[in-house]
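Below, chains carry the letters A, B, ... as their sequence lines are ordered, and counting in each starts from 1.
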Protein chains: 4
Amino acid sequence: MSLQFDITPGSPEPIYEQIEGHIRRQIATGSLVEGDQLPPVRTLAEQLTVNPNTVARAYAELTAEGLVESRTGRGVFVAPRRQIFSEEERNRRFHRAAWRFFDETAFLDIPVPEMVRRLEAAWPDYFRKTPTP
Amino acid sequence: MSLQFDITPGSPEPIYEQIEGHIRRQIATGSLVEGDQLPPVRTLAEQLTVNPNTVARAYAELTAEGLVESRTGRGVFVAPRRQIFSEEERNRRFHRAAWRFFDETAFLDIPVPEMVRRLEAAWPDYFRKTPTP
Amino acid sequence: MSLQFDITPGSPEPIYEQIEGHIRRQIATGSLVEGDQLPPVRTLAEQLTVNPNTVARAYAELTAEGLVESRTGRGVFVAPRRQIFSEEERNRRFHRAAWRFFDETAFLDIPVPEMVRRLEAAWPDYFRKTPTP
Amino acid sequence: MSLQFDITPGSPEPIYEQIEGHIRRQIATGSLVEGDQLPPVRTLAEQLTVNPNTVARAYAELTAEGLVESRTGRGVFVAPRRQIFSEEERNRRFHRAAWRFFDETAFLDIPVPEMVRRLEAAWPDYFRKTPTP
DNA sequence: GTGGTCTAGACCACG
DNA sequence: GTGGTCTAGACCACT
């Protein structure tokens, strides 16, 4: 439950998004399940040596998305799994991610079938990256 | 050579990246080949109704990447095709893009096979974004 | 388009939520329509005499909700209307709001039919509160 | 008199407010009448597995409002019913609650008549939240 | 000029 | 102790 991970401060991806990403992944892969408590804002901030506000922002966005919920005075906990977005919105988000992916890979000269193959191959690796402690 | 395409003002993707993307894709798919001239900065800026600086930036980055080259006084031309990135670099970029894609889609609750199917389905649409003139 | 409104700093409702509320209402009632630009963060911050970060936070949340979209370097604009939440999530939010309403009115000793009548009567007033300039 | 109810730990509504709400409702609906004794702070705290301070706070606020009264050494009892708020105050509170409700539901795209219908439908459910023992 | 990120540090509400 | 809000001020990316 201690959420072992690092962030890369210089990256174009903002720190709070990196934090969100790690936690989302833990939830998506089942490393964190409903009712689990996230580390306190100050603790995680210290561990990552970032400002508490930055962690708080990540928690706030995850809360807004409904992935976690905050119980005042007690901490932030993984929320029961729900379907938050409409079919339409999920399609929109999928398309946005897909196009971004195409944009970032189009000039790598990898043919589409090969790309898809690689993507399928990368998935278990991604899934496993999150250490189940 | 007149580069028919639109940019999406509402997108979070910066305009200069959208322009770069379109040109990269034209080159990747063979719509633009070695020696073809790109439209002058001012012309393209007018056509897209964006700031000339924005177009200039896109051209500059493509030049830096070696995809196009500027012949002073005459314009910007598609460069001879060569292997720009090392195998290692291409793998690195592919992985980064793939992980970002996973991060953005993991919590959409779309199973992997379905995701792959959708991705393959989205490609022609993406490709068509830039009509080959 | 100048968004005439005040905020009450002492209120239990946080300032950024008050700002969000006003803008949501303007959009809900049609005072702000797709494509309209919101006042710049700094301008609105000055007008309300709050910190720019506070306004930025309100804008960020509205952006996350999909009600507005930010075009980098140019400003924040009202987004095309979309159905963002699933039926389930909308029900959940409606129920939460309804129960909160009941909690806040239960001890006012107003019988339910009377309450409903009053609520219907209050709506046009609410709707009109947002000045169409 | 044993006050059968649960609190929802995941809710954004603070626990002490949930407790207050339940008791207010019991009084409003006649489940608790003048002279009835509330369970001792420690007992209720144990039953709900919350901090005794939290229960104490709820009792304190209800006492301050005049809904219950504490007879030192013997416990807390439901106070004689009286008009607690002036007509004006009741209108003010109703309006505040109504506007908050509108704010939270305006962007759910539910037409007013449908909203009223749903609200009426939700009431019995809300009422039942506290089973009359 | 626009918005977005991050830090530092204060203050409050809840338990 | 927990998270949440707000301010002040710096720095960056994009147009």
Side-chain angles (χ1 to χ4, degrees), chain A residues 7 9-19 37-45 48-60 62-64 68-77, chain B residues 7 9 11-19 45 48-58, chain C residues 7 9-19 37-45 48-60 62-64 68-77, chain D residues 7 9 11-19 45 48-58:
Chain A
I7 48 107
S11 157
E13 192 184 16
I15 296 174
Y16 75 87
E17 275 186 23
Q18 296 183 42
I19 298 174
Q37 183 173 8
L38 299 188
V41 170
R42 292 163 180 82
T43 309
L44 187 53
L48 303 175
T49 55
V50 298
N51 191 289
N53 281 334
T54 307
V55 177
R57 171 155 188 191
Y59 281 14
L62 291 168
T63 305
V68 303
E69 59 194 17
S70 137
R71 307 181 188 162
T72 2
R74 278 170 302 159
V76 173
F77 300 81
Chain B
I7 50 116
S11 160
E13 190 184 16
I15 294 174
Y16 78 88
E17 275 187 20
Q18 295 187 42
I19 297 174
L48 305 174
T49 55
V50 300
N51 193 303
N53 287 334
T54 308
V55 176
R57 168 151 190 191
Chain C
I7 48 108
S11 157
E13 192 185 16
I15 297 175
Y16 75 87
E17 274 187 22
Q18 295 183 43
I19 298 174
Q37 182 173 8
L38 300 188
V41 169
R42 292 162 180 81
T43 309
L44 187 53
L48 304 175
T49 55
V50 299
N51 191 289
N53 282 334
T54 307
V55 176
R57 170 156 189 191
Y59 281 15
L62 292 168
T63 305
V68 303
E69 59 195 18
S70 135
R71 307 181 189 164
T72 3
R74 279 170 302 159
V76 173
F77 299 81
Chain D
I7 50 118
S11 158
E13 191 184 15
I15 295 174
Y16 78 89
E17 275 187 21
Q18 295 185 42
I19 298 174
L48 303 175
T49 55
V50 300
N51 193 303
N53 286 334
T54 309
V55 177
R57 168 154 189 190

Flag side-chain contact, heavy atom, 4.5 Å: A:Leu48 against A:Thr54: no
Rounded interatomic separation in angstrom, taking CG from A:Leu62 and P from F:dG4: 11 Å
Listed nucleotide nearest any side-chain atom of D:Pro14, set E:dG15, F:dT15, F:dG3: E:dG15
Whole angstrom value for the distance that separates P of F:dG1 from CD of A:Gln37: 15 Å
Nearest non-hydrogen partners of D:Ile19 and D:Ala58, listed with the distance: CG2-CB, 3.8 Å
Quiz item: C:Asn53 side-chain donor-acceptor pair to F:dG9 base, under 3.5 Å: yes
Spacing between A:Glu13 atom CD and F:dA13 atom P, to the nearest angstrom: 16 Å
Side chain A:Gln37, main chain A:Arg74, donor-acceptor under 3.5 Å: yes
Separation of atom OH in D:Tyr16 from atom C1' in E:dA13, rounded to whole Å: 8 Å
Upstream residue (5' side of DNA chain F) when C:Val50 and B:Thr54 are each assigned their closest nucleotide: C:Val50
Nucleotide of E:dT2, F:dT2, F:dT5 approaching C:Arg57 most closely (side-chain heavy atoms): F:dT5
A:Arg74 CZ to F:dG1 P, straight-line distance once rounded to whole Å: 18 Å
Base F:dG3 paired with A:Arg42 side chain (donor-acceptor, <3.5 Å): yes
Test item: C:Thr63 side-chain N/O and C:Tyr59 main-chain N/O as donor-acceptor pair under 3.5 Å: yes
Non-hydrogen atoms of D:Pro52 and D:Ala45 that approach each other most closely: CA-CB, 3.7 Å
Under 3.5 Å on both distances, the Watson-Crick or G-U partner of F:dA8: E:dT7
Length of the line joining C:Asn51:CG and F:dA8:C1', which is rounded to integer Å: 6 Å
5' priority, DNA chain F, between A:Val76 and C:Pro9 [closest heavy atom]: A:Val76
For atom CD1 of C:Ile15 and atom P of F:dT5, their distance in whole Å: 11 Å
Atom-pair distance (CG on C:Leu48; C1' on F:dT5), nearest Å: 16 Å
Side-chain N,O (A:Thr72) to OP1/OP2 (F:dG4) below 4.0 Å: no
Minimum-distance nucleotide (side-chain atoms of C:Tyr59 versus E:dT7, F:dG3, E:dG3): E:dG3
